[in-house]
Protein chains: 2
Amino acid sequence: MGSLDRSLIAGLPVFEGVAATDLDRIVGQARSLRIAKEQPVFEQEQEAHSFFLLLDGHVRVMKSTPDGHEVTVRYISPGELMGIAHALGRTTYPANAIAAVDCVVLAWPSRLWPAFAADFPSFSANTYKAVGGRLQDAHTRVIEMATEQVEQRVAHALLKLVKQAGRKTEEGILIDFPISRQDIAEMTGTTLHTVSRLLSAWEDQGLVKSGRQKVTVVEPHQLLLIAEGRVEKS
Amino acid sequence: MGSLDRSLIAGLPVFEGVAATDLDRIVGQARSLRIAKEQPVFEQEQEAHSFFLLLDGHVRVMKSTPDGHEVTVRYISPGELMGIAHALGRTTYPANAIAAVDCVVLAWPSRLWPAFAADFPSFSANTYKAVGGRLQDAHTRVIEMATEQVEQRVAHALLKLVKQAGRKTEEGILIDFPISRQDIAEMTGTTLHTVSRLLSAWEDQGLVKSGRQKVTVVEPHQLLLIAEGRVEKS
DNA sequence: TTGGCGATTTGCGCTGGCGCAAACTCCGGA
DNA sequence: TCCGGAGTTTGCGCCAGCGCAAATCGCCAA
């Protein structure tokens, strides 16, 4: 682990308020891993031996249902923790985490968590703050699913992806990892057919540009209007 | 606060592994409140001044959307914490909590949380374990909303209510607080009309008995079959 | 006992979005 | 360069469940 990494890491929200010496003690106990695209970081039901900090790449977190459905719970972006089951009193991972692209992660053995929580209260508080945010997000998802039309949900999903993984290009804001219609369908509780129809319609209206495993948002503001149900379909 | 209360409280999961003297120091700083039916325990957006332990009664946690929809996030049963926004790094409550029946709660000032977390690691760990459970529940809700039919979702909701607030009667298992069709609709993302139709159909089949703000589950096992999608509608 | 109101039931028509299926497109490897 | 297959598009038919509206029921208060 180079010192360049170290200084980038120090700026992450999870380490806010953590003293430099403490940061060294924390990071010093991690090992750095590369995860190839499409490979799992951890798997549902598996013993939660480690927790992770994503340094580079994007990870998709999914749950499978007994009857064979897959639902995407969230995408992880660089700087976020994942697999922190132990901090929440679980011994197994509740979901599958798959690298959407080649990734770099730091990994700590889960058994270190209780000592970390006791010795580094800022780190612990930051972690639980992130958990609080996820709980919020999950409730927001429930509310969206309960009250919105498919069109609004898909628009919301795209905006969320843009916010966490958007990269400016000359055409608009590109979602910076491969994402298929099927993936978007699994995030929004619909079918790839419906997503495809929506994207086609939006492309006709010039709101997005999309291709194979690729979506670029051209008019985020228009999309927001749709997401909030303030636009009638033509 | 009587010592009878004290011994009941000691047996709660949140206080598992907490030494008796520590328990006294924790509970000693709480004040006990009665909340009348339909009155709020705390409200969305409000400053999170306190966190609570429900001792008796049932509390409904709801979120309102900007466009006027109400969604029920969960019901709190005796022994559960609520309003722990501070432990998750929030300064305001994320939802409304309304007493479904007359309730008794313990309340602590939120500013005590950091000291509690530092001084009573078991209490803190138990709390975060509960948070972990809620995060799981929320994800389960998302998955249900994404993959199940309304009929299955309503069946799941009833079974969940039975599990956390069921009281045996000679007719079956009664959900032990007033609950309307509208309430069930808000839990499952549907309309009171559809809930009413489902309950009527189930009543004809002898699976439930229901009346004004009252539901009794007669055949939980049959309902489970419906919830899991293993029964075709007649 | 009688109103009155909130909760519930039920009918009816409509439509958003799914299921199925077929055609097409494009990328990557041989 | 060509081929195979994954990803995507699109047409078509259907139905679960919503919206609306009206009728009914049952609890509570006077």
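Computed from a prediction, not measured in an experiment: that's the story for all the values here. Atom set for the values below is all heavy atoms of this structure, side chains included, hydrogens, waters and symmetry mates excluded. So you know, we letter chains A, B, ... as the sequences are listed, proteins then strands, and number each from 1.
- Phosphate proximity of D:dG7 to A:Ser196: absent, as no side-chain N or O sits under 4.0 Å from OP1 or OP2.
- Aromatic pair B:His58/B:Phe177: ring centres closer than 6.0 Å.
- Remark: nothing in residues 141-149 of chain B comes within less than 4.0 Å of DNA chain C through any heavy atom.
- Residues passing the salt bridge (Lys or Arg N to Asp or Glu O under 4.0 Å) test with A:Arg167 are A:Asp176, sequence neighbours excluded.
- For A:Pro40, the side-chain contact (heavy atoms from CB on, under 4.5 Å) test picks out A:Glu43, A:Ile98, with sequence neighbours left out.
- Counting only heavy atoms from C-beta on, B:Thr194 has its side chain closest to D:dC18 among C:dC18, C:dT8, D:dC18.
- By the salt bridge (Lys or Arg N to Asp or Glu O under 4.0 Å) test, A:Glu203 pairs with no residue at all, sequence neighbours left out.
- Partners of B:Lys129 under the side-chain contact (heavy atoms from CB on, under 4.5 Å) rule, at least two apart in sequence or in another chain, do not exist in this structure.
- Counting to the nearest Å, the P atom of D:dT10 and the CG atom of A:Leu192 are 13 Å from each other.
- Using a 4.0 Å heavy-atom distance criterion, A:Ser200 is classed as a sugar-phosphate-only contact.
- When the shell of 6.0 Å around NZ of A:Lys214 is examined, it contains more than 12 heavy atoms from other residues, nucleotides or ligands.
- For the pair A:Asp204 CG and D:dT9 P, the interatomic distance rounds to 11 Å; values are reported in whole Å.
- Of all heavy-atom pairs between B:Phe51 and B:Pro109, the closest is CE2-O, 3.8 Å.
- As rounded to whole Å, 11 Å separates atom P of C:dT9 from atom CG of B:Leu198.
- Contacts of B:Arg74 classified as salt bridge (Lys or Arg N to Asp or Glu O under 4.0 Å), with partners at least two apart in sequence or in another chain: B:Glu80.
- Across A:Ser180 and A:Gln213, no two heavy atoms sit closer than the pair CB-OE1, 3.8 Å.
- Note on B:Thr191: a side-chain N or O is less than 4.0 Å away from OP1 or OP2 of D:dC18.
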- Message: I need a per-nucleotide contact map over nucleotides 21-30 of chain C, read 5' to 3'. Cutoff is protein heavy atoms under 4.0 Å; write B for the base, S for backbone only, - otherwise.
- Response: B----BS---
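- With hydrogens and angles ignored, a donor-acceptor pair closer than 3.5 Å exists between the side chain of B:Arg197 and the base of D:dG19.
- Among residue pairs with one or both ends in residues 139-148 of chain B, those qualifying as side chain to side chain donor-acceptor pair (under 3.5 Å) are B:Glu148-B:His156; sequence neighbours excluded.
- Projected onto DNA chain D by closest heavy-atom contact, A:Gln213 and B:Val150 fall at different nucleotides, the more 5' of which corresponds to A:Gln213.
- Over its length, the helix from C:dT1-D:dA30 to C:dA30-D:dT1 turns its helix axis by 40°, as judged from the five terminal pairs at each end, rounded to 10°.
- Going from atom CG of B:Leu199 over to atom P of C:dA7 covers 16 Å, rounded to whole Å.
- Qualifying salt bridge (Lys or Arg N to Asp or Glu O under 4.0 Å) partners for A:Arg60, counting only residues two or more places apart in sequence or in other chains: A:Asp183, A:Glu186.
- Near DNA chain C, meaning a heavy atom under 4.0 Å away, the residues from residues 172-189 of chain B are B:Ser180, B:Arg181.
- Not counting sequence neighbours, the partners of A:Val218 by the side-chain contact (heavy atoms from CB on, under 4.5 Å) test are A:Lys209.
- The backbone N or O of A:Gly172 lies less than 3.5 Å from no partner atom in the side chain of A:Thr216, so there is not a single donor-acceptor pair.
- Using a 4.5 Å heavy-atom cutoff, the side chains of A:Asn96 and A:Lys63 are not in contact.
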